[in-house]
Amino acid sequence: MKKEAFSHGDLIEITTFEGIKKGTYMPSSEKFLTLKLESGYNIGISKKKIKSIKLISKYKKPKENLCNVSKKKNLKTITILHTGGTIASEVDYNTGAVTAKFTPEELICMFPELSNIANIESKLIRNMFSEDIRFAHYNILAKEIEKASKNSDGIIITHGTDTIGYTAAALSFILENLNIPVILVGAQRSSDRPSTDAAINLICASQFIAKSNFAEVAVCMHENMSDESCLILPGTRTRKCHSSRRDGFKAINSSPIAQVKTDGTINYINSSFSKTSNLNLKLKLIKENLKIGWIKSHPNMYSKELEVYKSFDGLLIEGTGLGHFPINSTDKETKEHSKMLNTIKALTKKIPVAMSTQAISGRINMNVYSTGRLLQEAGVIGNYSDMQPETAYIKLAWLLSNHKKEVKKLFTENLRGEISKRSLE
Ligand code: GLU
């Protein structure tokens, strides 16, 4: 291979024994050269296979801070609280790092359309992957929302997509008497890729805040593969159903609240939401040191898997079907299952053990089969709920933090739109 006469960020053309590849030279490892293709994807090319490299053009550093954010009197104010993820990140070709862009100037530079929709304020809360988010972060965010709500008409939270639904559920419970919209926005594709959904999702969320009287927590993501509209999904019902598609977010056991077009057209799908008001926002935080377990039912279970939860404060079972768990000893192969039932009985004497289902949609009903009835007799709560496990998990933690004496009663009562009386077909 010829000596590298190029630097990070340069556009180069690489000839290997397998063909020619063109892209941006990214910081690379000893053995592999990283190239960002025009599609936005990064590929690693074994340095051994490279025959030659041609420099096409030198990296041009983008001009900084050319974007002016002057306030317009007739526009609402939106505060963007940044927690991390792909949504407001930009690739730095010098270091290869994805950096957060979070000042109002930087956000307007990246998404200029925002300045015509609202006056933008912003604050960097964290710059983290959402898989690392803990209960403590929900409380930090809630306190920031309370502060920002004093001089904003709505809040946008930029968030990694992996656990955006959990945070939406947590904030739905924590923010009691919410009087303005709190919309979580993520992006499945970063803003340096042609297929990015970052701008559209952010624009739709801003349009929704600017033009509606919605005052709940919701998630705003792409509706379909076109770049024309987003869905506003209910905070306690949103699930990431696809790991990478831009329209990978769905409302489970519920319908979206609205479709929002980038031009600001709003088509309401379900209008039974709380409206903007003068209510006094109250924070009902989640205790940060609570230990809530979550166990998924699966074939060949051992009671040891359950025993670890003896030192926990609560346990969510993600059962099968209508709310089942392997507790029936019907032959010599299933002897372990009587132990499982006994362990569940021992657990329910100490902590709340709640049921949810690993079926994607539908309600649990532990009256239909003997397994469900036995589990209820053993003290497992949660019958008839149609909460998705993510929401059930957060609700259990929130109830233990705020309504410890009423966990059993409130777990299956609808508090924030998380449970419906009738199931959708
Ligand atoms: N795992 C990352 C997160 O959820 C992915 C990046 C993204 O989805 O924004 O934060």
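Values below: all heavy atoms of this structure, side chains included; hydrogens, waters and symmetry mates excluded. Just follow the structure's listing: the first ligand is 1, and inside any ligand the first atom is 1.
Of the N and O atoms on the side chains of Arg237 and Ser420, at least one donor lies less than 3.5 Å from an acceptor on the other residue. Using modelled atom types, one finds no donor on one side chain facing an acceptor on the other under 3.5 Å when comparing His298 with Glu318.
Pocket lining of ligand 1, defined as residues with a non-hydrogen atom under 4.0 Å away: Gly85, Thr86, Phe129, Ser130, Glu131, Gly160, Thr161, Asp162, Ala187.
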Let me check something: any side-chain donor-acceptor pairs from residues 111-121 under 3.5 Å, sequence neighbours excluded? List them with distances.
| unit_1 | atom_1 | unit_2 | atom_2 | d |
| --- | --- | --- | --- | --- |
| Ser115 | OG | Pro112 | O | 2.9 |
| Asn116 | OD1 | Lys72 | NZ | 3.3 |
| Asn119 | OD1 | Lys72 | N | 2.8 |
| Asn119 | ND2 | Lys72 | O | 2.8 |
| Asn119 | ND2 | Leu75 | O | 3.4 |
| Glu121 | OE2 | Lys71 | NZ | 3.0 |

Mind listing the side-chain donor-acceptor pairs of residues 138-149 below 3.5 Å, one per line with the distance, residues two or more places apart or on another chain?
| unit_1 | atom_1 | unit_2 | atom_2 | d |
| --- | --- | --- | --- | --- |
| Asn139 | OD1 | Ile286 | N | 3.1 |
| Asn139 | ND2 | Ile286 | O | 2.7 |
| Asn139 | ND2 | Glu288 | OE2 | 3.0 |
| Glu144 | OE1 | Lys123 | NZ | 3.0 |
| Glu144 | OE2 | Lys123 | NZ | 3.3 |
| Ser149 | OG | Ile145 | O | 3.4 |
| Ser149 | OG | Glu146 | O | 2.7 |

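In this pair, Tyr25 and Phe6 present their aromatic rings perpendicular. The plane angle is above 60°, beyond the 30 to 60° band.
Scored by the side chain to side chain contact (heavy atoms under 4.5 Å, CB included) test, Lys310 finds Glu307, Leu347, Lys350 as partners (sequence neighbours excluded).
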